[in-house]
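First comes the structure, then the notes that go with it.
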There are 4 protein chains.
Amino acid sequence: MARGNTRQRIQDVALELFAEQGYEKTSLREIAEHLDVTKAALYYHFKTKEDIVISLFRDLTRPIDELIAWAEQQPRTLEAKQEILRRYHAALIGAAPLFRFMQENQATVRDLSIGETFKERMVTLTQLIQEPDFPMADRVRCISALFTMHAGMFFMQHVDGDPEEKRAAVLEVAVDLVTRAHQGARG
Amino acid sequence: MARGNTRQRIQDVALELFAEQGYEKTSLREIAEHLDVTKAALYYHFKTKEDIVISLFRDLTRPIDELIAWAEQQPRTLEAKQEILRRYHAALIGAAPLFRFMQENQATVRDLSIGETFKERMVTLTQLIQEPDFPMADRVRCISALFTMHAGMFFMQHVDGDPEEKRAAVLEVAVDLVTRAHQGARG
Amino acid sequence: MARGNTRQRIQDVALELFAEQGYEKTSLREIAEHLDVTKAALYYHFKTKEDIVISLFRDLTRPIDELIAWAEQQPRTLEAKQEILRRYHAALIGAAPLFRFMQENQATVRDLSIGETFKERMVTLTQLIQEPDFPMADRVRCISALFTMHAGMFFMQHVDGDPEEKRAAVLEVAVDLVTRAHQGARG
Amino acid sequence: MARGNTRQRIQDVALELFAEQGYEKTSLREIAEHLDVTKAALYYHFKTKEDIVISLFRDLTRPIDELIAWAEQQPRTLEAKQEILRRYHAALIGAAPLFRFMQENQATVRDLSIGETFKERMVTLTQLIQEPDFPMADRVRCISALFTMHAGMFFMQHVDGDPEEKRAAVLEVAVDLVTRAHQGARG
DNA sequence: TATGAATGAGTCTTCATTCAT
DNA sequence: CATGAATGAAGACTCATTCAT
């Protein structure tokens, strides 16, 4: 039973349980039981419970940071912004459990000595897909484009239809929102 | 020290703290201290901690239920749907702390023997502002209209500008989304 | 709804619940709810919870005290002792719930500032149906006569047969035990 | 401060206190203090307070189960039944505190998700020392034999005399009761 | 006679965390 | 790498009791 991947397994189980039940309601005992180790074993790999969640965050934020870094170097054209949305959409799908966890545990995340950081990233991202001189409604459109994808990710479960088609539609609407914002600003 | 309103005061303080810190992280001790009564006093007015949150919910859902009931009797015209959005927007603003609590404690709310009910209401509401034969993208637009208002409510804090203007812009975008969905379906 | 019998009703309900669930596990709230009054009302009629149980005891012990008083004036003949058993048997049947309560809450009753008293009475009673110079086995027989009736009262539920016949048999065995004790001592 | 035996020590102290003061009136705090550990330590060894009592029960019932198993394989002769009584008497003496606890906490034990089981065992045992076609009085004698030993165990404290002699007398009377029941049935 | 509102002490239980082995 | 045993702090909840009205 040689295992060198315990740390990873802890993260996996923790993410799953945090997302499903919430951070506060998930005890280390529960995580340990799912892994068939003792609570003390968790402490070999992570200094505290918060540490686990923080490690999860780093994994979540790295792709976003990379996306932001990439976005910041793009020209502020509509086309670039559309690509940002496409990449964000892909990131969202690729890390669904992490985003779900974020979305459902906002209160907890807030004072996790890291929380602000996430909202900051979101703010940065919205700024990268709008322009400062947009009228307010168009700025809202750009912001809404992002949240359409977020909410879509979870609420769309309750809508009938082919998952692939639904995902595509969500992206289409987001892109369209940003596009209209730019046309509105121009026209 | 006027008495007779303790129940109400408990609800007020609880809502404030639940919204601010999250349900799990808010202890009854804390609520009691804020009110300058003992924990036991809370139990005179509410059977359990969950009971407090449930009572809060009833107050939250009543306006929504009324809105839904009203909406169900409207003709399925674009104009009626726009009015639904306007009314929902007003409800959102009128009960901001409650929605904020909901938004930030989704994981908790979920297994609160009442959570499902809320999501059901949201589903119903989205159905009332779309049409079953819409193409998927337009259905997403209608759903997005709702979530634009939700997210807007909280995320817009991070955007500069006159609060009144921001609120108006959020509503405008929401209404526009539904409008376009209907024009798309028609055109 | 004029009531002058609340005190009595409290005693009735309390006895029933104490016997059924035990003294400690029966809360005043529960008693009050069964009576459709508030806890505070109980305090109008009884100073404390213990007070209720003590009042119950007085009712239980009065018949026994009378029996003992009567027994003490009888000649120490076998016939008189048989009559004591018959009367005790009748008392047991007449106040079954009280005895059941006693039997099932011995630990509680013990430090109820009254408990010792009851055991004393039992000791006295056993002394009245035996003789000091009896051999030990015959003294045990006399004591056993009493406990046969006690246990019989509750354990005999688990034995098939006509209740009347069972009761008679229990009394018969008890009387026989004392009778044999006396014959043994004599013979 | 030898460790490794904590679980056993908890059981010992708990039994002592439960028997002395009753289950409900014995708090885990009290048990912990007697052992010079924290309450939480108890929870490392037992899942709940009830769990402690249940573990105590298993130890109590095992000897009885063995006795019953043995008894069921004996011929239904008077001699075998006398031996059953002797063995039950020995078991009673060997596990006096456990029986005392049972006897004095019947109300509590009843809804302990294990209680019924004990009464069942007692019923089984009484059936093994009587015969179905006995007249009622003789069946009562057999039952009484068992309860003579039970009550004797505790009530005999209040009778003067050499403990050894008293114990012997109790057994003698119990055996005699069963013997007479069988002679009566025959004669 | 009774209630509505509240208290203070205490209950069982759970948790994150520690540390010797 | 991991466990067994334990802790201290805190949590939700219950209870007997009180008292002004």
Using atom names, set out every protein N or O paired with an N or O of nucleotides 17-21 of chain F below 3.5 Å, distance rounded to 0.1 Å.
{"residue": "F:dT17", "atom": "OP2", "partner": "C:Tyr43", "partner atom": "OH", "Å": "2.9"}
{"residue": "F:dT17", "atom": "OP2", "partner": "C:Lys49", "partner atom": "N", "Å": "2.8"}
{"residue": "F:dT17", "atom": "O5'", "partner": "C:Tyr43", "partner atom": "OH", "Å": "3.2"}
{"residue": "F:dT17", "atom": "O4", "partner": "C:Lys39", "partner atom": "NZ", "Å": "3.3"}

Once you round it to whole Å, what is the distance between C1' of E:dA6 and CZ of B:Arg7?
-> 16 Å
note: D:Asp51, atom CG; E:dC12, atom P; distance rounded to Å ~ 14 Å
Considering heavy-atom distances to DNA chain F, does C:Ser27 or D:Thr38 have its closest nucleotide positioned more toward the 5' end?
-> D:Thr38
Nearest-Å distance, CG (B:Leu17) to P (F:dA12)?
-> 12 Å
Under a 4.0 Å N-O cut-off, is there an ion pair linking D:Glu33 with D:Arg29?
-> yes
Report yes or no: is the cationic atom of C:Lys25 (NZ for Lys, CZ for Arg) under 6.0 Å from the centre of the six-membered ring of C:Phe18, at an angle within 45° of the ring normal?
-> no
When the distance from CG of B:Asn5 to C1' of E:dG4 is rounded to whole Å, what number comes out?
-> 14 Å
Separation between OG of B:Ser27 and NZ of B:Lys39, rounded to the nearest 0.5 Å = 8.0 Å
What's the CD-P distance between B:Gln8 and E:dA5, to the nearest Å?
-> 14 Å
Secondary-structure notation, DNA chain F, from Watson-Crick and G-U pairs under 3.5 angstrom (| other strand) = .||||||||||||||||||||
Taking only N and O in the side chain of B:Arg29, is any of them less than 4.0 Å away from OP1 or OP2 of F:dA10?
-> no
E:dT11 P sits how many Å from D:Ile31 CD1, rounded?
-> 11 Å
Would you kindly compare C:Tyr23 and A:His45 by the position of their nearest DNA chain F nucleotide and give the one closer to the 5′ end?
-> A:His45
Stepwise side-chain contact (heavy atoms from CB on, under 4.5 Å) check, A:Met153 with A:Gln103 = CA-CA 10 Å; A:Met153 197 92 300; A:Gln103 185 107 132; over 6 Å; no
Atom CG of A:Asp36 and atom P of F:dC1 are separated, to the nearest Å, by 18 Å
Taking the six-membered ring of D:Tyr43, is the NZ or CZ of D:Lys49 close enough (under 6.0 Å from the centre) and on axis enough (within 45°)?
-> no
dist A:Asp59:CG -> A:Ile64:CD1 (nearest 0.5 Å) comes out at 11.5 Å
Pairwise distance CG(D:Asp51) to CG(D:Leu56) - rounded to 0.5 angstrom = 11.0 Å
Determine: side-chain N/O of B:Thr6 to OP1/OP2 of E:dA5, distance under 4.0 Å, yes or no.
-> no
Hey, is the side chain of A:Tyr44 poking within less than 4.0 Å of OP1 or OP2 on F:dA2, counting only N and O atoms?
-> no
Could you state the CZ-C1' distance from B:Phe46 to F:dA12, rounded to the nearest angstrom?
-> 16 Å
Distance from C:Glu20 atom CD to C:Thr26 atom OG1, nearest 0.5 Å?
-> 8.5 Å
Can you name the closest pair of heavy atoms from C:Asn105 and C:Gly22 and give their distance?
-> OD1-CA, 3.0 Å
